Amino acid sequence: MQRYFVSEDAFQGSFVRLKGEEVHHIRNVMRFQPDDQIIVCKEDGMDYLCSISEINRNEVLCEVVDKRPSKGEPKTRITLAPSLVRSNKLEWIIQKGTEIGAVSFQPFCSERSLIHIDDKKERKKRERWQRIAKEAAEQSHRGKVPAVLPVLSWKEFLAEMERVPLVLIAYEKGGVPIGQAMAGSQANDIMLVTGPEGGFTEAEIDEAKARGAVPVTLGNRILRAETAPLVALSCMLFARHELGGETQ
Ligand code: SAH
């Protein structure tokens, strides 16, 4: 069933008012009619099953007929932290990472990042990245839209690493097998760090290790910068029985 993410204030009692691009999607893309059903999420962990009451030019009014817990949110909260890579690759990581089950994205700059962006450009880019996450979350039946966080400098990112209970850094030159790293930890908040096209420098790996990050390997083949985070995320969720191993 089609799903839409809205803000809390769209809910008024047992009614929900959808505005903006959702109206366009309901009217012109899906061509829904009154009495058709949709799912609306306000990111509180619940899916609200709604019946459409009225479709107007600027607004769609619907009534909540049932609510149930969202099944699309993994219990293991994994943040993907990709080093800045070419824009279309980052978009791919955000879209696919959302489908697979990342809870947020933390881009950062590293020495060999091929692109660097200024503040003004970043705000525009981040709006676009957040929109990609929202669309992917709707499509893949997530209960929440993953947040795309502001791009950090390497120095800021090192400080961020210290806050997260478990940080895994994918390093093609060697590390603990990723399954082993997952099996050895009970942490539910995990950050997975991956490098740019040219990889990390040895000094960067050492700095990350000094902040508690654990280098992990994804095997003997070298994956591209946009493949590595998605493969790692899949392995990590699989290790926690959250990718095909669900019992519910
Ligand atoms: N050093 C490289 C490859 C970089 S691959 C080169 O010179 O081209 C881009 C990123 O993907 C790496 O920084 C690493 O984080 C991740 N990666 C790719 N293959 C990997 C593997 N087999 N194990 C662990 N990480 C890997």
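Note that the structure is a prediction, hence the values are computed from the model and not measured. As the structure lists them, so they are numbered: ligands from 1, and atoms in each ligand from 1.
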Practice prompt. Return yes if some donor-acceptor pair links the side-chain N/O of Glu122 with the main-chain N/O of Val151 below 3.5 Å, else return no.
Written response: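 Here the side-chain-to-backbone pair exists.
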Item to complete: Look at the side chain of Arg3 and the backbone N and O of Arg142, then say whether any donor-acceptor pair between them is shorter than 3.5 Å.
Response: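 Flag set: sc Arg3 to bb Arg142 pair under 3.5 Å.
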Worksheet item: Do the charged groups of Lys134 and Glu22 touch, with an N to O distance under 4.0 Å?
Response: yes
Worksheet item: Hey, is Glu160 close enough to Arg211 for a salt bridge, meaning N to O under 4.0 Å?
Response: no
Worksheet item: More than 12 non-hydrogen atoms from neighbouring residues, nucleotides or ligands closer than 6.0 Å to CD on Gln12, yes or no?
Response: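 Yes, enclosed.
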Item to complete: For residues His25 and Tyr4, establish whether the separation of their ring centroids is below 6.0 Å.
Response: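 Yes, close enough.
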Check ligand 1 for N or O atoms under 3.5 Å from a protein N or O and list each pair with its distance.
| unit_1 | atom_1 | unit_2 | atom_2 | d |
| --- | --- | --- | --- | --- |
| ligand 1 | 1 (N) | Glu172 | OE2 | 2.6 |
| ligand 1 | 8 (O) | Glu197 | O | 3.2 |
| ligand 1 | 13 (O) | Gly195 | N | 3.4 |
| ligand 1 | 15 (O) | Ala170 | O | 2.6 |
| ligand 1 | 15 (O) | Gly195 | N | 3.0 |
| ligand 1 | 19 (N) | Leu223 | N | 2.9 |
| ligand 1 | 22 (N) | Gly219 | O | 2.9 |
| ligand 1 | 22 (N) | Arg221 | O | 2.8 |
| ligand 1 | 23 (N) | Leu218 | N | 2.9 |
| ligand 1 | 25 (N) | Tyr171 | N | 3.4 |

